[in-house]
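Okay, so here's the structure we're looking at.
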Amino acid sequence: MNHKKIIIAIDGYSSSGKSTMARRLASEIGYRYIDSGAMYRAVTLFAMRHGMIGADHTVDTARLAGALADITIDFLPCGATQHTLLNGEDVEAEIRSMEVSENVSPIAAVPEVRHALTGQQRRMGSERGIVMDGRDIGTTVFPDAELKIFVTASAETRARRRYDELCAKGTPAPYDEVLENVRNRDHIDETRAESPLRKAADAIVLDNSHMTPAEQDSWMMEQYRKTVG
Ligand code: DC
């Protein structure tokens, strides 16, 4: 049976596992997957490389706003995943570093950055058939998404997941530092003036602290099936 194509918005806290869930659902149902956090990370890397972020994480907003037109972000399918391209360069590994993680929240709080990326994200979803994850997808980018999911887990669970990820990549960081980064980002993401992280009124909440990846996958499929009927 051919279902109508919908938009699936998956928002939630950092390292809540939402990207993995979103990517797997997209692949299962033949939708395009977009990791909007990767786009904020790519802009952050650009700003870091061009000396637009001070040691205290203050952003040279005027310069960054002026440079936004020079930033192109694309995704390159790569096996079961995809790589982020910044002006054609594969920056997938670099945007996941602790340095980028430490600078990304102040960059994501810049209204000009949000406007530029929101516009690009809406264009990506103009034909629907997309799963996008982030912080403001169900509230700001696609308030009309047919299925909205808000993923949450305790800060400790999420820091442990991030810590394991960094170790697996061969770039370990002390657990306490990772936990502090997770908490700091939660705070900045929730309290920023522009599109703060919050659950859309019509989003379904999933606390996956105690769920296996397989349980999360089947829960997601169930929500999708219920939505498309
Ligand atoms: O999901 P992530 O940890 O890769 O996201 C990186 C940062 O980008 C995070 O601190 C919040 C920000 N972000 C955002 O503000 N809006 C989005 N739609 C996605 C991410």
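Whatever order the structure lists ligands and atoms in, that order sets their numbers, starting from 1. Every value quoted in this text rests on a predicted model; they were computed, and no experiment measured them.
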What protein heavy atom sits nearest atom 10 (O) of ligand 1, and how far away is it? Ser105 OG, 3.1 Å
Out of Met132, Arg135, Glu194, who gets a non-hydrogen atom closest to atom 13 (N) of ligand 1? Arg135
Note: ligand 1 atoms sitting under 4.0 Å from heavy atoms of Ile137 are 18 (N)
As a quick check of understanding, evaluate side-chain hydrogen bond (donor to acceptor under 3.5 Å, both in side chains) for Tyr13 and Asp189, giving each step before the final call. CA-CA 9 Å; Tyr13 290 92; Asp189 293 346; over 6 Å; no
shortest atom 12 (C) of ligand 1-to-protein heavy-atom contact is with Ala108 CB, 3.8 Å
At what distance is the nearest protein heavy atom to atom 19 (C) of ligand 1, and which residue and atom is it? Ser36 OG, 3.3 Å
Looking only at protein heavy atoms, identify the closest one to atom 4 (O) of ligand 1 and say how far it is in Å. Arg41 NE, 2.7 Å
Phe75 and side chain to side chain contact (heavy atoms under 4.5 Å, CB included): which partner among Met124, Glu92, His83? Met124
Output for pair (Ile95 CD1, Met39 CE), nearest 0.5 Å, gives 10.5 Å
Atoms in ligand 1 with a heavy atom of Lys18 nearer than 4.0 Å: 1 (O)
Taking atom types as modelled and ignoring hydrogens, do the side chains of Ser154 and Ser209 form a donor-acceptor contact shorter than 3.5 angstrom? no
So, does Arg192 sit close enough to ligand 1 that a heavy atom of it is under 4.0 Å from the ligand? yes
Contact check, Gln121 vs ligand 1, heavy-atom distance below 4.0 Å: no
Heavy-atom closest pair, residues Leu166 and Ala173: CD1-CB, 4.2 Å
Tell me which protein heavy atom sits closest to atom 11 (C) of ligand 1, plus the residue, atom name and distance to 0.1 Å. Asp189 OD2, 3.4 Å
Distance under 6.0 Å and angle within 45° of the ring axis: does Arg122 meet both against Phe142? no
Does CZ in Arg225 sit with more than 12 non-hydrogen atoms of other residues, nucleotides or ligands closer than 6.0 Å? no
Are side-chain heavy atoms of Glu146 and Arg128 found at a separation under 4.5 Å? yes
I'd like to check which ligand 1 atoms, numbered from 1 as shown, lie under 4.0 Å from a non-hydrogen atom of Asp136. 16 (N), 17 (C), 18 (N)
Roughly how far apart are Ser36 OG and Gln121 CD, rounded to 0.5 Å? 5.0 Å
Got the closest protein heavy atom to atom 20 (C) of ligand 1, with its distance? Gly37 CA, 3.5 Å
Protein heavy atom at shortest distance from atom 16 (N) of ligand 1: Arg114 NH2, 3.0 Å
What is the nearest protein non-hydrogen atom to atom 3 (O) of ligand 1, stated with its residue, atom name and distance? Arg185 NH1, 3.0 Å
